[in-house]
2 protein chains.
Amino acid sequence: MSPRVDEQNQQIRDIRKQQLLAAGAKVFGERGYAGTKVSDIVGEAQLSHGLIYHYFSSKEDIYIELAKTAFITSYETIHQAVHSNGSPYERLKAMTEGIFAHTRESGHFFLIALQTNTSKTVPEEASAISKEYSAKSLELLKHLFQQGQEQGEFIKVDPSEQALMYSSMLNGVVFTQLTYPLLEDFPQVDQILRIFIDTSSLKE
Amino acid sequence: MSPRVDEQNQQIRDIRKQQLLAAGAKVFGERGYAGTKVSDIVGEAQLSHGLIYHYFSSKEDIYIELAKTAFITSYETIHQAVHSNGSPYERLKAMTEGIFAHTRESGHFFLIALQTNTSKTVPEEASAISKEYSAKSLELLKHLFQQGQEQGEFIKVDPSEQALMYSSMLNGVVFTQLTYPLLEDFPQVDQILRIFIDTSSLKE
DNA sequence: GTCTATAAAAGGATAGAC
DNA sequence: GTCTATCCTTTTATAGAC
């Protein structure tokens with residue numbers, strides 16, 4: 001086997017794996033872990049039934065990989081936004097707008113994350129990842145709200161509660177965006193973030 | 001068969017049916033439609049496997065009945081609140097507090113509603129009910145926001161969008177309450193509803 | 001690397017006894 | 001009214017040919 005062929009094979013392998021992951025993201029997002037059959041995934045990917053087991057050891061395996069991607073990507077988005085430039089409010093606003101703007105593309109991953117948080121039928125390992133990264137993400141948000149409070153931009157209430165409120169609102173809005181995909185410019189980010197703003201500071 | 005016995009039998013039938021519905025609400029909420037086995041339901045209800053088919057014609061059947069309950073109850077809660085006494089803001093606040101207060105008891109129904117909205121594996125009839133009642137509920141909320149705007153309590157933006165924003169936020173918060181059941185007094189309703197308030201009117 | 005055919009297991013639904 | 005045993009379809013996973 002020449003190195004040339006090895007390389008081509010590796011390339012095919014990478015493509016197939018990505019095909020299966022993309023198909024898995026779609027159908028797992030739409031149908032849930034238990035509601036998705038292996039035949040749904042390979043059907044979506046237009047590959048034969050048996051081939052999936054050359055790339056993943058089981059249905060669980062592929063779900064876990066997708067859940068990992070969902071939670072890690074989400075965490076990194078927050079991490080990046082929190083550590084960027086600008087005032088706390090500016091960073092919060094930029095992050096929120098960025099997340100809403102990408103709802104359509106990342107919709108399946110959002111639904112996978114949602115299911116991983118709520119359903120007792122998802123693979124144990126996925127639940128563990130969810131728990132770990134949710135906590136880490138909330139911690140990042142908490143720091144952002146703390147900073148905002150110190151600089152007088154945000155209302156002074158428990159920053160952990162603000163972080164939880166922010167994440168709740170984000171979930172709720174993204175969920176609505178997925179339920180009503182036709183909505184054009186919903187929501188008004190400025191309006192929403194008023195919850196956290198110390199209006200007295202704006203009057204100065 | 002004496003009327004006496006008929007009556008007792010009817011009573012047993014009612015109890016069994018309720019047992020199965022309660023068990024179904026729990027396991028469907030926790031595991032989703034596809035992830036729930038008939039054996040999960042009867043196991044939870046502590047009844048034998050075959051008995052469920054004396055009370056329901058299929059797994060679909062019991063799910064549909066539960067979804068109906070979820071959406072109709074939700075609709076009626078909103079209907080009642082919207083048509084009660086007090087200013088629009090007072091009604092909105094009372095409704096919101098009422099909903100949050102009952103999250104624990106109605107948690108399983110909330111999760112069933114959530115799944116019915118997102119999963120393509122739930123029975124067709126449940127999806128139809130979801131669509132119907134969601135639209136009706138949003139219509140009620142829209143009217144409440146319209147009234148609030150006319151009376152100067154609420155910011156003047158598209159009331160449909162406010163209704164959607166309110167329902168998004170509600171979903172997000174209830175979801176968080178179910179994910180973190182230990183939270184005591186989350187959230188601060190007054191804080192949240194600031195999104196809708198016309199602050200200039202408060203200064204009068 | 002990919003496919004079809006098959007094995008093995010799981011789960012929904014029914015039958016018939018009590 | 002209730003239960004256990006059984007049927008039968010669906011679905012995951014593997015084997016082996018190309």
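In what follows, chains are A, B, ... by sequence order, proteins preceding strands, each numbered from 1.
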Please confirm whether the shortest side-chain N or O distance from A/Tyr53 to OP1 or OP2 of D/dT14 is below 4.0 Å. no

N or O in side chain of B/Arg16 less than 4.0 angstrom from D/dT2 OP1/OP2: yes

Taking [atom1] from [X] and [atom2] from [N], how many angstroms apart are they, rounded to a whole number?
X	N	atom1	atom2	result
A/Leu47	C/dT4	CG	C1'	15 Å
A/Asp61	D/dT14	CG	P	12 Å
B/Gln46	D/dT2	CD	P	14 Å
B/Ile62	C/dA13	CD1	C1'	14 Å
B/Phe56	C/dG12	CZ	C1'	16 Å
A/Glu7	C/dG1	CD	C1'	17 Å
A/Tyr63	D/dT12	OH	P	15 Å
B/Ile52	D/dG1	CD1	P	15 Å

Review item, nucleotides 16-18 of chain D N/O atoms under 3.5 Å of protein N/O:
none

Measure up the B/Tyr63 and B/Phe28 rings against each other and bin them: parallel (under 30°), tilted (30 to 60°), perpendicular (over 60°). perpendicular

Can you tell me how the ring of A/Tyr75 sits relative to the ring of A/His79, calling it parallel under 30°, perpendicular over 60° and tilted otherwise? tilted

Within 45° cone of B/Tyr33 ring axis and under 6.0 Å: B/Lys59 NZ or CZ: yes

Could B/Lys17 and B/Tyr55 be counted as a cation-pi pair, given that NZ or CZ must be under 6.0 Å from the ring centre and within 45° of the axis? no

Of B/Gln149, B/Lys156, B/Gln146, the one forming a side-chain hydrogen bond (donor to acceptor under 3.5 Å, both in side chains) with B/Gln162 is B/Gln149

Could you tell me whether A/Glu105 atom CD has more than 12 heavy atoms of other residues or ligands within 6.0 Å of it? yes

Surrounding NZ of A/Lys131 (heavy atoms of other residues, nucleotides or ligands, distance under 6.0 Å), is the total greater than 12? no

Treating primed atoms plus P, OP1 and OP2 as sugar-phosphate and everything else as base, which nucleotides of nucleotides 4-10 of chain D get B, S or - for protein heavy atoms under 4.0 Å? B------

Determine the contact category for A/Tyr55: base if any of its heavy atoms lies under 4.0 Å from a base atom, sugar-phosphate if only primed atoms, P, OP1 or OP2 are that close, otherwise nothing. sugar-phosphate

Have A/Ser87 and A/Glu153 got a donor and an acceptor in their side chains that come within less than 3.5 Å? yes

Compute whether any side-chain donor of one residue and acceptor of the other, for B/Arg104 and B/Gln177, lie under 3.5 angstrom apart. no

